[in-house]
Chemist: 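Below you'll find the structure I mean.
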Amino acid sequence: CTRAKTLSSPCVLFGQRALQNCSADSSEDPFLTSSTLPTCLPFASSQSVPLPFPMAHGTTTLAFMFQGGVLAAADTRSSCSGLVACPASQKILPIHSHLVGLTSGTSADCALWKRILARELRLYQLRHGRRLSTSGAAKLLSHMLHPFKGTELCVAATLCGWDGGETGPGSRGETTKNQMTDLFYVCSDGTRLRGMLFSVGSGSPYAYSILDQGVHWGLTVDEAKSIAREAVYRATYRDAYSGNCVDMYHITSKGWTRRNREDLKEEYYREKERRKHEKTERRDVTFSD
Amino acid sequence: MEYLIGIQGPDFVLVAADNVAASSIIQMKHDYDKMFKLSEKILLLCVGEAGDTVQFAEYIQKNVQLYKMRNGYELSPAAAANFTRKNLADYLRSRTPYHVNLLLAGYDDTDGPGLYYMDYLSSLAKAPFAAHGYGLNKRFILNLPSFTVRLIDKEGIHDLEKLTLGTK
């Protein structure tokens, strides 16, 4: 690909979507410019794996509400048409002290729209003297993305926030059990959904299988963290477009707290050891009979 | 696959809609409400493409409410249906048509109950019963788990018990 082609073709498409021409840039790492990254791999390698069903957004992000607040977790792999563009990207972006956004889709689009949203929320706060609720922020993002419907823009964001007393009365349609946390899924195709549990990305079916059986309101903070970690780990285990590390954020009335990024490589080796150990144990048992 | 149904009776309209909000093959929500309250006695049921449904339905909803604020009385169901159809028609041949299928159900104090069927090509038909989608149970490859049911009569809109059919 020549430089001119790189500039005029659409910005990087994530995961399985990149079967057409793509330019390999816009990774999260600011030091890698388009001149140092290789351009798109030849078609032969990117078309060798047929898709079982159309699934976009090469990533795994998840968030759920429970009695201790909202927990958000995501993997850290940025992929571009079969190659890992960045193994340490950040998919959970804090927007302000009590609102966190998980992003999935095109990396550059997500980073840009997160900044635009942060700017608009700050302007709202300065103009009106109170912070916009999570529901309002989701509505704002949804309306800002609506004119781009039908274009290549691809942003699937999950907004997790705590609405303080200063945000004023809002519609709390679903039972939030007197808690001020809120969770919204906003997509560039126009979807805006409020819920208790969301997982977005190519690894989301695998994450859903862990979350749907384990998440309930009464989890403790440690249980919630371990289930979120397990869900991301299982998704990275099976999904090729998710991997590397797991990030976790916990949002409460005091704001968001970030857990240290954990490399899942360690977990794979620990599990491998466990399996090997179990196999030898089983063999010992049969021998002793 | 989404489903809407409406049945007009002698002095009521009964409407039901499924509760699934899906994104490709994943159910993102099992308790999503597809009915939009336009006024005390008018409901708009809306299915179709992901963002278009909410954007279009909320646009109609806010405009109907604005009419009431400006003029002091509410739009009748027939007028609301024609207003909706006109908006769909205007956008149809623009660069951004709305791909939505609608049922509008309402009770007019002079004309009685009314059910209007509209589709994404902006056709409008007043019908005694109407539906969008496939409401099969046991034969369809995908079974819709639950439905919200509402009744409109001269007293207003009433929520009826949620229907849960098929296997959970």
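We name chains A, B, ... by the order of the sequence lines, and we start the count at 1 in each one.
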Chemist: Side chain, backbone, both or neither: which part of A:S199 has a heavy atom under 4.5 Å from chain B?
Modeler: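 Just its backbone gets close to chain B.
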
Chemist: Do A:H146 and B:D52 come close enough that some side-chain heavy atom pair is under 4.5 Å?
Modeler: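 They are in contact (side-chain heavy atoms under 4.5 Å apart), so the answer is yes.
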
Chemist: Does a sphere of radius 6.0 Å around CZ in B:F83 hold more than 12 heavy atoms from other residues, nucleotides or ligands, not counting ones at 6.0 Å or beyond?
Modeler: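 Above 12, so yes.
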
Chemist: In terms of heavy-atom contacts, does NZ of B:K126 have more than 12 from other residues, nucleotides or ligands at under 6.0 Å?
Modeler: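 Correct, the count exceeds 12.
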
Chemist: What distance separates B:Y98 OH from A:K149 NZ, expressed to the nearest 0.5 Å?
Modeler: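 Reported to 0.5 Å precision, the distance equals 10.0 Å.
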
Chemist: Can you tell me how far CE of B:M28 sits from SG of A:C187, rounded to the nearest 0.5 angstrom?
Modeler: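 Answer rounded to 0.5 Å: 8.5 Å.
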
Chemist: Crowded around B:K86 NZ? As in, over 12 foreign heavy atoms under 6.0 Å?
Modeler: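 Open.
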
Chemist: With A:Y124, which residues qualify under ring pair (Phe, Tyr, Trp, His ring centres under 6.0 Å), at least two apart?
Modeler: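 In terms of ring pair (Phe, Tyr, Trp, His ring centres under 6.0 Å), with neighbours along the sequence ignored, A:Y124 is linked to A:H128.
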
Chemist: Would you mind checking if A:R192 and B:E58 are paired as a salt bridge, meaning a charged N to carboxylate O distance below 4.0 Å?
Modeler: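 No.
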
Chemist: Kindly indicate whether the side chain of B:Q27, heavy atoms from C-beta on, has any atom under 4.5 Å from the side chain of A:Y208.
Modeler: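 Not touching, per the 4.5 Å side-chain cut-off.
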
Chemist: Please determine whether the number of non-hydrogen atoms from other residues, nucleotides or ligands lying under 6.0 Å from atom NZ of B:K62 exceeds 12.
Modeler: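 Yes, enclosed.
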
Chemist: Side-chain contact, heavy-atom cut-off 4.5 Å: B:Q55 with A:H143?
Modeler: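 B:Q55 vs A:H143: side chains touch.
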
Chemist: Hey, could you give me the CG/CD distance between A:D189 and B:E49, rounded to the nearest 0.5 Å?
Modeler: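 Those atoms lie 7.5 Å apart.
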
Chemist: With rounding to the nearest 0.5 angstrom, report the CZ to NZ distance, A:F198 to B:K29.
Modeler: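 It comes to 6.0 Å.
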
